[in-house]
Amino acid sequence: MSSSKQRRLFRVYPRKEAEETYRKACDGIKSVLFCDEDVAKYLLHAYGANVNKINDAYFGDEEKTKRRLGLLTEDEAREAEKTDVLKLALDVGKQRESRRGSRTRAKAKEQEEGDRIPCGICFEDCAVQELATAFCRAHPFCKECWGGYCDAKFQDGKAEILDVRCPDPGCEKRVSTEMILRSLGDAEKAEKYRKYELEHFVESNQSIKHCPAAGCDHFLILENKDGLSPDQIQSCECACGKEFCWNCQEDEHIPVRCETAKSWVAKNSSESENQNWILTFTKPCPKCSRPIEKNQGCMHMTCSQCRHDFCWMCLDPWGKHGERTGGYYSCNAFRVEDPSNPKKTSEKEREVNEKKRVARMSIERYSHYHERWIQHQESEKRARADLKILKEKKADQVGRNHGAGPGEMSFAILAQEQIIECRKLLKWTYAHAYYAYNEEDLKNDWKKTNPFTGTSKVMQQEKEFYEFVQGEAENRLEQLSGKMEKDLDDFYNFDYIDYAKGIEFKQQKEANGDQETAPELKTPLSKDNKPINFKGDRSSFQEFKRKVCELTSLTRTSFQSLSDEIHKGFGCVGEGTPPPSAMKDAGKTHRRSSNAMDLS
C-alpha cells in the first residue's frame with residue numbers, strides 16, 4: 001500500500017481530545033472493576049490500554065495482578081490496617097497521655113503528635129505528622145526525604161516517576177499519585193507529571209501515537225479498517241505536516257523495514273567509516289603496526305611511536321635503500337613474481353593489503369549508494385518547494401493562460417505530489433540495495449550452507465534484476481519530473497500578445513517564401529527580449545495534460561511494483577534464497593509486468 005493510502009488509516013486529534021480519551025478509559029476501568037483512579041491508571045499503563053487484557057488479568061487472578069502492580073491484596077490490606085506504624089504510634093502517644101492525666105498545652109500537642117519515629121532515610125526522629133508511607137504502611141519516611149526521593153525519580157525521567165515504589169529496599173509497594181504530587185511540591189512539575197501520564201497511556205496504546213515533531217501536541221489514532229499488520233503500516237502524517245513511520249516514529253522510510261532504515265541513518269551520521277578510512281589511506285608501521293598517515297612528500301617515514309625508519313612505498317627498512325642495495329629508490333621497478341621464488345612478503349603484510357583492498361571496496365560501494373540517496377533526497381526537497389509554488393501561483397496562472405477551469409489544474413498538483421512520494425521511496429531503495437546485495441558479507445554464510453555453489457552468480461542475477469526494476473521506475477520518474485520542471489514553465493510564461501506577434505511573423509514569412517529580405521520581417525522578441533514561446537498554445541496544453549496524466553499513472557504503477565517486491569523479500573539472497581529456477585520464473589513475471597508499463 002502506498003504512503004498516501006496508508007495516511008488515510010489515521011485520524012489526527014489535539015491534546016485535549018487525547019486527555020478526554022484517557023479520562024474516559026480510566027472511568028471505564030473504574031466502573032467495571034470498582035477500583036480507585038490510581039489502580040485504573042496502573043492497569044492501563046501495565047496492559048497497554050487493552051481493556052480485554054486488563055479484564056482477563058484482573059478477573060483471572062486478582063491477587064497476582066495486584067502484586068505485579070505493587071498494590072495490596074485483600075489479605076495484605078487487612079494486615080496493613082492492623083500494623084499501620086503511623087496509626088499505632090499515634091495511638092501509643094494518646095494512651096500515654098491519658099495515663100498521665102496531665103492536659104497542658106504542650107502535652108496536648110505532644111499527644112496529638114504521638115510517638116516520635118525515626119525516618120528510614122535520614123534517621124531523624126520525627127513526629128507522626130511529618131512522616132508518610134507508601135501503600136505498605138510499614139516504612140515511614142519524613143516529608144523532606146520523600147520530596148528528595150520523588151524529585152530524584154522525576155529527574156530520572158518518565159519511566160521512573162510513573163512507577164515510584166517504597167524506598168525500603170525490600171518493599172515493592174506503590175506510592176500514590178496524590179503523595180507523589182504533594183512531595184514534588186511544584187505546580188510546573190505536577191503539570192509535567194500529568195503530561196507524562198498521558199504520554200505513557202499513548203505509548204502503551206498500540207492504536208495511538210504522539211507526533212514526534214518538536215513542539216507538536218497532536219496525536220494520531222489508528223483506524224485500521226483494512227486490517228493491516230503493524231509491519232505493513234509505515235507511513236502517517238500529522239496535521240503539522242510531519243511524516244513519520246508508525247512503528248519506529250522516525251522519518252518515513254517506505255519501502256524498507258525499520259531495522260534497515262535505522263542502520264542506514266546511523267551509518268550516515270556516525271563515524272563508523274573512520275576505520276575504513278584508516279585502513280584505506282594509512283599504512284601500518286612494519287615494526288609496531290601503528291597506523292601512519294603520510295603528510296609530506298618524502299618517502300622516508302619515521303614512526304612516531306617506535307622511531308622505526310622505513311620506505312612508504314615498499315615498507316622495507318630505509319637502510320636498505322642505499323647505494324649498497326642499488327640506489328635509494330630501487331623499489332620503483334616492477335618485478336614479475338617467479339613461482340619458484342615466491343615474493344618475500346610477510347603473512348602480516350599480505351593480510352594488511354587484503355584489508356586495505358576490502359576497505360577501499362567498502363568505501364567505494366558505500367559512496368555509490370550514499371551519493372544517490374543524497375541526490376534523491378535533495379530532489380525531494382526541491383520537488384516540495386516546487387509544489388508550494390505550484391499551489392500558490394503557478395497552477396492558477398497556467399489555468400488563466402489556457403482557459404482551464406479551477407479543477408482542471410488538479411492533474412499538475414497530483415503529478416507533483418507523486419514526484420515527491422516517488423523521490424522519497426526511490427532514495428530508500430538505494431539503502432535497501434546497500435544491505436541486500438553485499439557479496440563480501442554474505443560469501444562466508446553462503447559457503448557454510450552450500451559449499452559447491454558460489455554466491456556470486458545467484459546474487460548477481462537478482463542484483464541485476466533489482467537494478468533493472470529500479471531503473472525502470474527511476475526512468476518513469478525522470479520523464480515525469482522533466483515534464484513538470486521544464487514544459488510547465490513554457491505554459492506558465494505563455495503570453496497571448498507575444499504569441500500573436502509570432503504567428504503573424506510566421507504568416508508573413510510564408511507569404512514571402514521564407515525570404516527575410518524586407519526590414520519589416522525581422523524576427524520579433526517577447527516583452528522580455530527573449531525568443532517567443534510557441535509551445536504554450538491551447539492544443540499543446542491539452543497534449544501536455546494528457547502526457548502528464550499518463551506518466552503519473554505509469555510512475556505510480558512502477559513504484560508500487562518496486563515497493564511491493566521489496567516488501568515480499570527482494571534482496572534476501574543470504575536468507576532462504578529461492579532456487580535459481582524459482583528466480584527465473586519470478587524474473588519472467590517481473591519482465592512481463594515491466595514491459596506492460598512501457599510507453600507506446
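We're numbering straight along the sequence, starting at 1.
- Because its NZ or CZ atom is not both nearer than 6.0 Å to the ring centre of Phe219 and within 45° of the ring axis, Lys209 does not count as a cation-pi partner of that residue.
- Ring centroid separation for the pair His368 and Tyr434 does not come in under the 6.0 Å cut-off.
- What you find for Met179 and Thr133 is that their closest heavy atoms are SD-O, 3.4 Å.
- With Tyr435 as the aromatic partner, Arg365 does not meet the cation-pi criteria of under 6.0 angstrom to the ring centre and within 45 degrees of the ring axis.
- Evaluated for a salt bridge (charged side-chain N to carboxylate O under 4.0 Å, His left out) with Arg384, the options Glu417, Glu378, Glu243, Glu421 yield exactly one hit, Glu243.
- Residues Thr552 and Phe411 have side chains not in contact (no heavy-atom distance under 4.5 Å, counting atoms from C-beta outward).
- Between His376 and Tyr430, the ring centre distance stays below 6.0 Å.
- A donor-acceptor pair under 3.5 Å links the side-chain atoms of Glu76 to the main chain of Thr73, judged by distance alone.
- In this structure the side chain of Arg165 never reaches within 4.5 angstrom of the side chain of Val175, judged on heavy atoms.
- For Glu188 and Lys192, the salt-bridge test fails: no basic side-chain N is under 4.0 Å from an acidic carboxylate O.
- The two residues Leu220 and Tyr13 come nearest to each other via the heavy atoms C-CE2, 4.4 Å.
- Tyr149 places none of its side-chain heavy atoms less than 4.5 Å from the side chain of Phe154.
- Taking the six-membered ring where the residue is Trp, the centroids of Tyr437 and Tyr466 are separated by under 6.0 Å.
- Here the closest heavy-atom approach between residue Ala412 and residue Leu390 is recorded as O-CD2, 3.6 Å.
- For the pair Arg15 and Lys195, the tightest heavy-atom approach, listed with the atom from each and the gap, is NH2-CE, 3.6 Å.
- Heavy atoms only, all atoms of each residue included: Lys66 and Tyr58 are closest at CE-OH, 3.5 Å.
- Counting heavy atoms from C-beta on, the side chains of Asp163 and Tyr42 never come closer than 4.5 Å.
- Here the shortest heavy-atom pairing between Met409 and Ala395 reads CG-O, 3.5 Å.
- Side-chain atoms of Arg372 and Lys427, non-hydrogen and from C-beta on, never get closer than 4.5 Å to each other.
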